[in-house]
Amino acid sequence: MGTPYNFRETEPKWQGIWEEKGSFLANDDAPKKCYILEMLPYPSGRLHMGHVRNYALGDVVARYKRAMGYNVLHPFGWDAFGLPAENAAIKNKMHPAVWTHQNIASMKAQIKSLGISYDWTREIATCDPSYYKHQQKIFLDFLKHDLAYRKEGVVNWDPVEQTVLANEQVIDGKGWRSGATVTRKRLSQWFLKITDFSEDLLASLEGLKRWPDKVRTMQEKWIGKSVGAHVDFPIEGRSEKIRVFTTRPDTLFGASFCVLAPDHPFSKELSESNPALKKFILECQALGTSQKAIDTAEKAGVFTGLKVRCPFEPDRLIPLYVANYVLMDYGTGAIYGCPAHDQRDYEFAKKYDLLIIPVLSLPNGSLPDISKEPYEGEGYLINSGFLDGLTVHEAKKSAIQKLEELHLGSPVTQFRLKDWGVSRQRYWGCPIPIIYCDFCGVVPVPEKDLPVVLPEDVSFDKPGNPLEHHPTWKQVDCPSCGKLARRETDTLDTFFDSSWYFLRYCSPKAKTPFDKEVTESWMPVDQYIGGVEHAVLHLLYSRFFMRALKKCGYLNLKEPFEGLLTQGMVCHETYKDSEGNLLYPEDIIFKQGKAFTTKGSPVTVGPSEKMSKSKNNIVDPDAIIQEYGVDTARLFILSDSPPERDFDWSEAGLHGAWRYVNRLWSLAQDVAEFLPKKPERLSEKAQEVEKLTHKTILAVSQNIERYHFNKAIAHIRELSNFLEGLVPDQKSDASLLWALRWSFEILVQLIAPITPHLAEEIWHSIFKKTGLVVDAPWPEGDKELAQDSLMVLAVQVNGKLRGTLEVSKGMEEEEIKSLAFELETVKLALVDKNIKKVIVVPERIINIVAV
RNA sequence: GCCCGCUUGGUGGAACAGGUAGACACGACGGACUUAAAAUCCGUUGGCUUUGCGGCCUUGCCGGUUCGAGUCCGGCAGCGGGCACCA
């Protein structure tokens, strides 16, 4: 028994030494670069376990790469603009800047106690004018290169508060504070032309080999390329035509109505003389702007009184509707309905009693049953004139060809992706550097006047945008004519801030947004780590930014993130007392596997759910670090689940990690006795130690490379279990004494990226090493020495395991077969059976097939 | 509603390219140490069955491909993420 491990002293000590020595500073000039990055956090004020998980994952990779000889860039910063700061301002009467800076200070202290290998000299905060100054420059360059433009966009409008609401502030169609029914309002706003890059953003996904497939699929679906056609439906009795977009020109003979979006210009025109339609359009505006609200609303529409002519059947007239399920943003803002073969059209047709004409047979030629639901599968065209008998694919081609001949349509490729609206009617964001002049129009703020800084003296007493009702801020002289003009009072979407921060880290002190040469040498990010919830928006916007910046001449790269790891959520059980009230985890005691309150009454343990305030199941990282130390928390959070899955936090699991930390500490003392040179001869046990050690090095390295940290830890535990078992034997075996010490030293290096403080402390105070583990090169595994000479083969009869064989590597197949047949259990299973064949899979299995 | 995932013992998970399901842990149970408890250490632990040996069943559910399926294919169910102004 040696001295117990004192993490309270040890952890801050090593954090201080690493900082003092500058162990984690990145070097712009050194070769072999590696950029490891965790997603920029929002400074909410309190660190949560999701952060701890994220940073622990990144730290293992960063420390491992450093030990592998890489020059690692591992920076940190804050996504410091955003809505919560304004909410806090209203609630607590605290200025957003003060609130944000306080949060950053307290979170920074918490993060420092995690011992993550960050280069803090590169820290940024997006709310800092020295950051957003460059962002404003980028915006102006986007404007110059036709990547930013103004158009009308739709926002959620709270008519009582006279304020624009975010989607999350709209609950069941009502404003979260006022409770008033939210309406849609059109405002002139700034947009970025992400759609200029639709094709490239889609095609380049294929090259992102180190991204999870599911993220690539999600982006692919989001961009949503579809090949279809524009089709014109002439309006009966008028000269205009309704142009629709469709992906199914093959089903045109099944058309039974056409639908315009409520926002369609023609809908508006017709509504002037149609009060019912006008009323309906107003009702549609009561729907929020979210896709979910639109999709789940009951399909409803109004007949315009007009009929349109089917392109292929000039004599057939179908009604023209305006309906809530057609979007102005997508395609042409108009569709034709083929209810027999489309779910949404089907629902609409049923509701308004419109014709449902089947135009597709099943692949076997029979008619689909469309009495209850539409048929959306493959088949052959029917009831379709010149298309009859064709497959869907053939009919699409043929229909488009005919439309072109008739001058009533043309093939067209459509993307679901929309341009990115970046204007926000809020205070706590980056000001858009634009001035509106009655004489000169839209005038960019001259570069010499950047940054346009947020005014500090704002009030949140009035609803709406504080910049808008600030007494003087928006008044400015026009840079062009000098007359009095107005500043843009909208600020930028915070996704704008986080779409280029990873570039700023490369040269955080640059006078320009970033230094081209240095940035190109660090970029792309080798490994990006963050939550799956960012799979589409943040990651897609960042990919767009790289392309847009390239177009503006900033750099010559297209993809920001070469490797991507998306981590799962951190969950925890929920607890309720006998009355069903939620309880906090710290008020629960476990006895014999059952849960009780501290007062002894029984507790119902609910399912594990994402840690959140509303579920009362948050575990505070600070408290855990106080009680167990950060290495224990890191070990537990890395060992229990693979990173991409949800993680279940449990006090018991944490305790297991704590025990292991202490076992390693005491094992270190048991094997500390030193033999300076490897003995000439190794005993059998010493050879086993050597072999398992090499196996472990290889397995741990491979598992870290693949981000299977839980498996890496399992291998480390296997090795330490083995070493522990041999400790009593070492006194009588000098070569084993050497082997145990040698092996354990390697084990300490292998676990160092996971529990870095423990590793340094063993290295220094038990092994009396002079250098630091962080400066030691990663151990090298020898494949030869890790080889087994014997192996175990499974023997099956008809696919069922009947026994095993231990054979030496390279034994002849015939010999293996005959050994297999000699197994008693095999003989028994083969009684009264004829052998049909024997399958031998080298080094794996023998399967005897018999009947 | 639309898009994308996930589902293996009491629990978290392992099984690399279809080849011995349950590595490594947690919990539980039994034992050692202790006046006792905690801590620590040792052993057992998927289920059913048999006095041992063994046998049968088992990867959310139903079906298929294969000598062989947790892994591949089709269908279903449950849970979760995203849906463009939360970040």
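Every value quoted in this text rests on a predicted model; they were computed, and no experiment measured them. The figures here come from the full heavy-atom set of this structure, side chains too, leaving out hydrogens, waters and symmetry mates. Here is how names work: the chains are called A, B, and so on, in the same order as the sequence lines, proteins then strands, and each is numbered from 1.
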| query | Quantified in whole Å, what is the C1' atom distance between nucleotide B:G22 and nucleotide B:G47? | reply | 13 Å
| query | Which nucleotide in the list B:G13, B:G1, B:U20 gets nearest to the side chain of A:R645? | reply | B:G13
| request: Go through B:G80, B:C67, B:C26 for me and flag the one nearest to the A:I839 side chain. | output: B:C67
| said: Students often get this wrong, so: under 4.0 angstrom with heavy atoms, is A:K214 touching a base, only sugar-phosphate, or nothing? | reply: sugar-phosphate
| task | Looking only at side-chain atoms of A:R659, point me to the closest of B:A14, B:U40, B:A87. | result | B:U40
| task | Can you figure out which of B:C86, B:C85, B:G80 approaches the side chain of A:V155 most closely? | result | B:C85
| task | Return the nearest nucleotide to the side chain of A:Y42; candidates are B:A87, B:G19, B:C6. | result | B:A87
| said: Please classify the nucleic acid contact of A:P642 as base, sugar-phosphate, or nothing, using heavy-atom distances under 4.0 Å. | reply: sugar-phosphate
| remark: A:F81 CZ to B:C86 P, in whole Å, measures 17 Å
| query | When we call it a touch if two heavy atoms are under 4.0 Å apart, what does A:D79 touch: a base, just sugar-phosphate, or nothing? | reply | sugar-phosphate
| So what does A:A535 touch, heavy atoms closer than 4.0 Å: a base, only the sugar-phosphate, or nothing? | nothing
| query | Can you check whether A:P41's main-chain N or O pairs, donor with acceptor, with A:D79's side chain at less than 3.5 Å? | reply | no
| So what does A:S641 touch, heavy atoms closer than 4.0 Å: a base, only the sugar-phosphate, or nothing? | sugar-phosphate
| request: Identify, between A:N703 and A:Y660, the residue whose nearest nucleotide on RNA chain B lies closer to the 5' end. | output: A:N703
| Pairwise C1' distance for B:A84 and B:C79, with rounding to whole Å | 25 Å
| Quantified in whole Å, what is the P atom distance between nucleotide B:U7 and nucleotide B:C26? | 24 Å
| request: Answer with base, sugar-phosphate or nothing: what part of the nucleic acid does A:L417 contact at a heavy-atom distance below 4.0 Å? | output: base
| field | Short side-chain N/O contact to B:G12 OP1/OP2 from A:N710, under 4.0 Å | value | no
| said: What contact category does A:H534 fall into here, base, sugar-phosphate, or nothing, at under 4.0 angstrom with non-hydrogen atoms? | reply: base
| request: Answer yes or no: is there a donor N or O on one side and an acceptor on the other, between the side chain of A:D419 and the main chain of A:I194, under 3.5 Å? | output: yes
| task | Quick one: label A:V170 by what it contacts on the DNA or RNA (base, sugar-phosphate, nothing), any heavy atom closer than 4.0 Å. | result | nothing
| task | Please state how far atom CG in A:D648 lies from atom P in B:U11, giving the value in whole angstrom units. | result | 11 Å
| message | Between A:N847 (side chain only) and A:G799 (backbone N and O only), is there a donor and an acceptor less than 3.5 Å apart? | response | yes
| So what does A:S423 touch, heavy atoms closer than 4.0 Å: a base, only the sugar-phosphate, or nothing? | base
| query | Which is it for A:Q162 and A:D158 under the side-chain hydrogen bond (donor to acceptor under 3.5 Å, both in side chains) test, yes or no, and what are the steps along the way? | reply | CA-CA 5 Å; A:Q162 297 282 298; A:D158 185 320; over 6 Å; no
| request: Could you check how far CD1 of A:I845 sits from C1' of B:A17, rounded to whole Å? | output: 15 Å
| field | Rounded P spacing from B:A14 to B:U65 in Å | value | 31 Å
| message | Between B:A25 and B:G74, how far apart are the two P atoms, rounded to whole Å? | response | 39 Å
| task | Would you indicate, yes or no, if B:C57 has its OP1 or OP2 atom less than 4.0 angstrom from a side-chain nitrogen or oxygen of A:K800? | result | yes
| field | Presence of salt bridge, A:K418 and A:D329, under 4.0 angstrom | value | yes
| query | Looking at A:R802, does any N or O in its side chain come under 4.0 Å of the phosphate oxygens OP1/OP2 on B:G55? | reply | yes
| message | I want to check one thing: is the phosphate of B:A87, taken as OP1 and OP2, less than 4.0 Å away from some side-chain N or O of A:T494? | response | yes
| Starting at the 5' end of RNA chain B and moving along, which residue's nearest nucleotide shows up first, A:W222 or A:K837? | A:K837
| Does A:K351 pair with A:E298 as a salt bridge, N-O distance under 4.0 Å? | yes
| remark: Between CE of A:M218 and C1' of B:C4 the distance, given in whole Å, is 4 Å
| said: Can you see if the side chain of A:N167 gets near the phosphate of B:A84 - specifically, an N or O under 4.0 Å from OP1 or OP2? | reply: yes
| said: Considering every strand and a 4.0 Å limit on heavy-atom distances, what is the contact class for A:R424: base, sugar-phosphate, or nothing? | reply: base
| query | Hey, does the side chain of A:K221 come within less than 4.0 Å of B:C4's phosphate (OP1/OP2), counting only N and O? | reply | yes
| said: I'd like the C1' distance from B:G9 over to B:U58, given in whole Å. | reply: 10 Å
| message | Any base atoms under 4.0 Å from A:V536, or only sugar-phosphate, or nothing? Heavy atoms, all strands. | response | nothing
| request: Considering only NZ, NE, NH1 and NH2 on the basic side and carboxylate oxygens on the acidic side, decide whether A:K350 and A:E347 come within less than 4.0 Å. | output: no
| Quick one: which of B:C6, B:G80, B:A84 gets closest to the side chain of A:R416? | B:A84
| request: Can you figure out which of B:A25, B:U20, B:G13 approaches the side chain of A:L801 most closely? | output: B:U20
| said: Regarding A:E347, tell me which of base, sugar-phosphate or nothing describes its non-hydrogen contacts under 4.0 Å with the strands shown. | reply: nothing
| query | A:A714 has a side chain; which of B:A21, B:C24, B:C57 sits nearest to it? | reply | B:C24
| field | Base-pairing mate for B:C6 - Watson-Crick or G-U, with both contacts under 3.5 Å | value | B:G78
| task | With heavy atoms under 4.0 Å as the rule, sort A:D329 into base, sugar-phosphate or nothing. | result | nothing
| query | Hey, what do you get for CZ (A:F636) to CG (A:L654), rounding to the nearest 0.5 Å? | reply | 6.0 Å
| remark: Checking B:A21, B:C83, B:C4 against the side chain of A:Q796 (C-beta onward), the nearest is B:A21
| query | Salt bridge between A:D295 and A:K292, side-chain N to carboxylate O under 4.0 Å? | reply | no
| remark: Of the listed B:A87, B:C85, B:C67, the closest approach to the A:Q425 side chain comes from B:C85
